[in-house]
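Have a look at the structure below before the remarks.
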Amino acid sequence: MNTLDVMGISPVVPVVVVEQVEDAVPLAKALRDGGVSVIELTLRSDVALAAIAAIAAEVPEVVVGAGTVLSPRDAESSIAAGARFLVSPGSPRDLLDAAHGWSVPWLPGVSTATEAMNVADAGHTEMKFFPAAYSGGAAALGALADPLPNLTFCPTGGISPANVADYLRLANVACVGGSWLTPRKMVSERNWSAITDLARVASALRGVD
Ligand SMILES: O=C(O)C(=O)C[C@H](O)[C@H](O)COP(=O)(O)O
């Protein structure tokens, strides 16, 4: 599976924080049942790697990746746990160098034309635009398409049902990332059917034809 394959699974990639490892599998199934078969599970909790491993083993039809990959060590431990892709908020040199050795796709983060050009120079044509809403939003991202037509983005950060369509209609956007499919309260209450409902709405969104 290459980076564009991962980006093509769902118009919205849920960005998830799992605090209790036993929530990982029902959460993945709830998203799947709503038509969202991809998860960016952030390394922002102590159980994140265990949660990735549980989903990879028990819900293999859902493509689970690791988010908040800040170091080569994060990347290696995520791949060892079963992550099938990696996402970072930025694109520092140590990650760009180490990425050549990774066996799974990686979305480095950028928020400016210069960063996007550096990442492209390192061989990546797909990247995360972060934090999207605070870096000029859909208008800024759309404006990058003229000078950088070969690059494809997954904008993330401040995207919601209210503005998601502005991003998905851009020619240089393959998917968006967002935390709104798995609100913290719904997860802590284990309200899986409500998460399935949110996923169903998101999976029906359309990108550029
Ligand atoms: O953890 C990371 O690596 C991140 O890059 C942060 C996420 O992308 C945002 O937490 C998602 O943003 P919201 O949808 O605005 O909540």
Side-chain angles (χ1 to χ4, degrees), residues 3 6-7 9-19 23-24 27 31 34 36 38-52 55 63-79 81 83-92 94-96 98-99 102 104-112 115-116 119 124 126-138 140-141 152-168 170 173-188 194-195 198-199 201-203 205:
T3 317
V6 172
M7 295 171 96
I9 296 171
S10 168
V12 182
V13 177
V15 179
V16 176
V17 180
V18 169
E19 303 280 4
D23 291 341
L27 180 70
L31 289 165
V36 173
V38 61
I39 298 179
E40 177 188 332
L41 207 145
T42 64
L43 301 182
R44 281 195 261 149
S45 77
D46 294 341
V47 302
L49 291 173
I52 288 169
I55 294 169
V63 175
V64 63
T68 330
V69 171
L70 302 182
S71 66
R73 193 192 162 102
D74 283 347
E76 282 147 24
S77 45
S78 299
I79 294 168
R84 293 166 68 185
F85 65 96
L86 308 171
V87 186
S88 299
S91 44
D94 62 338
L95 289 181
L96 288 169
W102 299 338
V104 301
W106 174 49
L107 281 176
V110 304
S111 62
T112 66
E115 290 172 352
V119 166
H124 303 275
E126 293 83 32
M127 47 198 90
K128 168 171 171 162
F129 182 64
F130 177 79
Y134 316 104
S135 306
L141 182 52
T152 303
F153 296 87
C154 176
T156 305
I159 301 182
S160 71
N163 61 12
V164 64
D166 297 339
Y167 292 92
L168 287 176
L170 298 176
V173 166
C175 61
V176 309
S179 60
W180 81 89
L181 301 192
T182 54
R184 216 166 259 268
K185 187 161 183 285
M186 275 184 201
V187 177
S188 66
I195 288 175
L198 289 173
V201 173
S203 65
L205 293 167

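In listed order, ligands and their atoms are each counted from 1.
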Across all chains, not counting sequence neighbours, the salt bridge (Lys or Arg N to Asp or Glu O under 4.0 Å) partners of Asp23 are Arg190
Are Asp166 and Ile159 close enough, and set up right, to give a side-chain contact (heavy atoms from CB on, under 4.5 Å), and what steps lead you there? CA-CA 10 Å; Asp166 297 339; Ile159 301 182; over 6 Å; no
So does Gly34 get a backbone contact from the side chain of Ser203, meaning a donor-acceptor N/O pair under 3.5 Å? yes
Please report the closest heavy-atom contact between Ala83 and Ala66, naming both atoms and the distance. CB-N, 3.9 Å
Taking the side chain as C-beta and beyond, is there a heavy-atom pair between Met186 and Leu198 under 4.5 Å? yes
Is Met7 close to Leu107 at the side-chain level, that is, under 4.5 Å between some pair of heavy atoms? yes
Compile the protein residues with any heavy atom at a distance under 4.0 Å from an atom of ligand 1; present them by chain, then by number. Val15, Thr42, Arg44, Thr68, Pro89, Lys128, Phe130, Thr156, Gly157, Gly158, Gly178, Ser179
